[in-house]
Amino acid sequence: MNASNIRNPATPVDTPSALQGVKVVEMGQLIAGPFCGKTLGEFGADVIKIEAPGAGDPLRNWRLIKEGTSVWWQVQSRNKRSVALDLRQKEAQDVARRLIAEADVLVENFRPGTLEGWGMSPEALHAINPGLVILRISGYGQTGPYRDLPGFGVIGEAMGGLRHLTAEPGRVPVRVGVSIGDTLAALHGVIGVMMALYHRKVNGGPGQVIDVALHEAVFNVMESLIPEYSAFGAVREAAGSALPGIAPSNAYPCQDGWVLVAGNGDSIFKRLMAAIGRQDLADAPDLTHNAGRVARVAEIDAAIGDWTHGRTVHAVMQELAKARVPAGKVYTARDIAEDPHYRARDMILTQRTRDGYDLEVPGIVPKLSLTPGTVRASAPHVGDDTDAVLAEVGLTAAQIAQLREKGIIQ
């Protein structure tokens, strides 16, 4: 499917995008702020990305490179327009203020105080654009004793409590495998932006500042971590692939890999035990509810592991599907790319890059029935849209040329 034409077949072609008419100025780089801009852009917002002349956003050169550009960039910056602007220079800051004056949303993920140093504090920006929604993503937030410390997503994952739990017991904490701290912060930022825009439109409120800290975004999904400590003094520890206090839910070995089995619902547990030939456990009175199963979790895990050990992943998946027990293979990139379910739900799209090659990329989440997300434009080269965007805010061709001669824009 061509990624530039993704719409629900039942959607009238003249139906506007969900965020059509919303203008976003994205400042900052790498992951958290830009992922927020990516998400808003996929649902119709006009996202103007300000990046440094020359190399641009460092993400352009992260991980695997094709035709001189990271393939990650092709996903992170689709639907955006690139303005190459050296924000260290006063004239560039003046240009940025002109862009922000006409924007609905400003997204930035600089260290706290950076905008203020450029004369773009929230107070100054609201003076020229009272309705502006300002999303600020940082390591520790805009207040508090740690606000000035440098903070990346990995640090947020550690301080938020996640890294302590992602390990085998007694072994070194490991990362999730992706920049989950940054992405969680970005998604919280999207939620904040949408609530602020709703308040402005429906309640007639002014613009406001959304303060997202990386560690707080991680902490917000840590479930019962603090209530358990408060009520019982319990410090939850790493448990590998198990889900402590909820049984059975674990990864189990097969002949050719691992399978995840979630048999922790009361009725699901009975079906699971019947499927593996352990009717004795299915009928045990003390295993009827979760608390009893937690007390005997080692025995239950051993029974499931003994059953899976002599079977292939495919055989286990087939038998548990018949028993209506949730189970899942541990997918690699190849598994995802070849899975028909991903294809059927448009979660693998073909996107033509501006360098002229086709690239398979992730689809869009969430799925909206009337105003689905779209990929309208591939990721830009540095400064592809500088002239057009600056002309839209009233700069003449001569003024743009003068800025370019000074090295302020590209």
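What's counted below: heavy atoms across the whole structure, side chains too, no hydrogens, waters or symmetry copies.
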Apply the test side chain to side chain contact (heavy atoms under 4.5 Å, CB included) to residues Glu42 and Arg78: give CA-CA distance (whole Å), side-chain angles for both, the deciding distance (0.1 Å), then the verdict. CA-CA 8 Å; Glu42 287 171 345; Arg78 62 193 184 192; 2.7 Å; yes
Evaluation steps, side chain to side chain contact (heavy atoms under 4.5 Å, CB included), between Thr353 and Trp73: CA-CA 10 Å; Thr353 71; Trp73 171 262; over 6 Å; no
Trace of the side chain to side chain contact (heavy atoms under 4.5 Å, CB included) decision for Val316 with Lys329: CA-CA 9 Å; Val316 169; Lys329 176 183 176 180; over 6 Å; no
Does any part of the side chain of Ile155, heavy atoms only, come nearer than 4.5 Å to the side chain of Leu214, both counted from C-beta? no
If we ignore hydrogens and angles and just use 3.5 Å, is the side chain of Arg147 paired with the main-chain N or O of Gly141 as donor and acceptor? no
How are the rings of Tyr140 and Tyr146 set to each other: parallel, tilted or perpendicular (split at 30° and 60°)? perpendicular
Say whether, by atom type as modelled, one donor and one acceptor occur between the side chain of Ser224 and the main chain of Glu228 under 3.5 angstrom. no
Taking the side chain as everything from C-beta on, heavy atoms only, tell me whether Leu390 gets closer than 4.5 Å to Gln399. no
Nearest heavy atoms of Arg343 and Glu360, plus distance in Å: NH1-OE2, 2.9 Å
Look up atom CD1 in Ile300 and atom CZ in Phe269, then write down how far apart they are to the nearest 0.5 Å. 4.0 Å
Sole residue of Leu403, Ile409, Ile50 in side chain to side chain contact (heavy atoms under 4.5 Å, CB included) with Thr386: Ile409
Could you tell me the separation between the CZ atom of Arg63 and the OG atom of Ser70, rounded to the nearest 0.5 Å? 8.5 Å
Please indicate whether Phe152 has more than 12 foreign heavy atoms, meaning atoms of other residues, nucleotides or ligands, lying under 6.0 Å from its CZ. no
Side-chain ion pair, Lys270 and Asp266, N-O less than 4.0 Å: no
Glu108: which residues meet the salt bridge (Lys or Arg N to Asp or Glu O under 4.0 Å) condition with it, sequence neighbours left out? Arg136
For the pair Asn264 (side chain) and Asn290 (backbone), establish whether a donor and an acceptor sit closer than 3.5 Å, ignoring hydrogens and angles. no
Backbone N or O of His341 within a donor-acceptor pair of the Asp339 side chain at under 3.5 Å? yes
Pro380 and Ser82 have their tightest heavy-atom pair at CG-CB, 3.6 Å
Salt-bridge present (Glu102, Arg98; N to O < 4.0 Å): no
Tell me if the CZ atom of Arg324 is crowded by more than 12 foreign heavy atoms within 6.0 Å. no
Set of side-chain hydrogen bond (donor to acceptor under 3.5 Å, both in side chains) partners for Arg163, sequence neighbours left out: Glu157
Straight-line distance of Met27 CE to Ile134 CD1, nearest 0.5 Å: 10.5 Å
Considering only heavy atoms from C-beta outward, does the side chain of Asp94 approach that of Lys90 to under 4.5 Å? yes
Test side-chain hydrogen bond (donor to acceptor under 3.5 Å, both in side chains) on His126 and Gln208 and set out the steps. CA-CA 8 Å; His126 281 145; Gln208 59 183 297; over 6 Å; no
Quick check for you: to the nearest 0.5 Å, what is the distance between Cys36 atom SG and Ile137 atom CD1? 5.5 Å
Using only atom types and a distance under 3.5 Å, with no angle test, would you say the side chain of Gln93 pairs donor to acceptor with the backbone of Leu87? yes
State whether the side chain of Asp385 and the backbone N or O of Ile48 hold a donor-acceptor pair below 3.5 Å, judged by distance alone. no
Taking atom NZ as the centre, does Lys367 end up with more than 12 heavy-atom neighbours from other residues, nucleotides or ligands that are less than 6.0 angstrom away? yes
Minimal heavy-atom distance between Val365 and Phe43, with the atoms involved, is O-CE1, 3.9 Å
Once rounded to the nearest 0.5 Å, what's the spacing between atom CG of Asp384 and atom CD of Gln410? 9.5 Å
Under a 3.5 Å distance rule, please check whether Lys80 uses its side chain to pair with a backbone N or O of Glu26 as donor and acceptor. no
Has His199 got a side-chain atom pairing as donor or acceptor with Met195's backbone, closer than 3.5 angstrom? no
State, to 0.1 Å, how close Val75 and Pro362 come at their nearest heavy-atom pair, and which atoms those are. CG2-CD, 3.8 Å
Compare all side-chain heavy atoms of Tyr252 with those of Asp301 and state whether any distance is below 4.5 angstrom. yes
CZ of Phe110 to CD of Gln29: how many Å apart, nearest 0.5 Å? 7.0 Å
May I ask you to decide if Met273's main-chain N or O and Arg278's side chain share a donor-acceptor pair within less than 3.5 Å? no
OH (Tyr229) with more than 12 external heavy atoms under 6.0 Å: no
Flag side-chain contact, heavy atom, 4.5 Å: Met194 against Leu40: yes
Would you say Met347 and Ile336 make side-chain contact, with heavy atoms under 4.5 Å? no
Sub-3.5 Å donor-acceptor pair from the side chain of Arg60 to the main-chain atoms of Gly68, do we have one? no
State whether Arg404 and Asp387 are salt-bridged, where the test is any N-O pair (Lys NZ or Arg NE/NH1/NH2 against Asp/Glu carboxylate O) under 4.0 Å. yes
Closest non-hydrogen atoms of Gly33 and Val107, given as atom of the first, atom of the second and distance, are O-CG1, 3.6 Å
Does a side-chain heavy-atom distance below 4.5 Å link Asn250 with Leu260? no
Full working for side chain to side chain contact (heavy atoms under 4.5 Å, CB included) between Met317 and Leu320: CA-CA 5 Å; Met317 294 282 290; Leu320 294 186; over 6 Å; no
Arg354, CZ atom: more than 12 neighbouring heavy atoms under 6.0 Å: yes
Heavy atoms only: give me the nearest Ser378-Arg352 pair and the separation to one decimal. CB-O, 3.2 Å
With sequence neighbours excluded, give me every side-chain hydrogen bond (donor to acceptor under 3.5 Å, both in side chains) pair touching residues 166-183. none
Is Glu116 close to Pro122 at the side-chain level, that is, under 4.5 Å between some pair of heavy atoms? yes
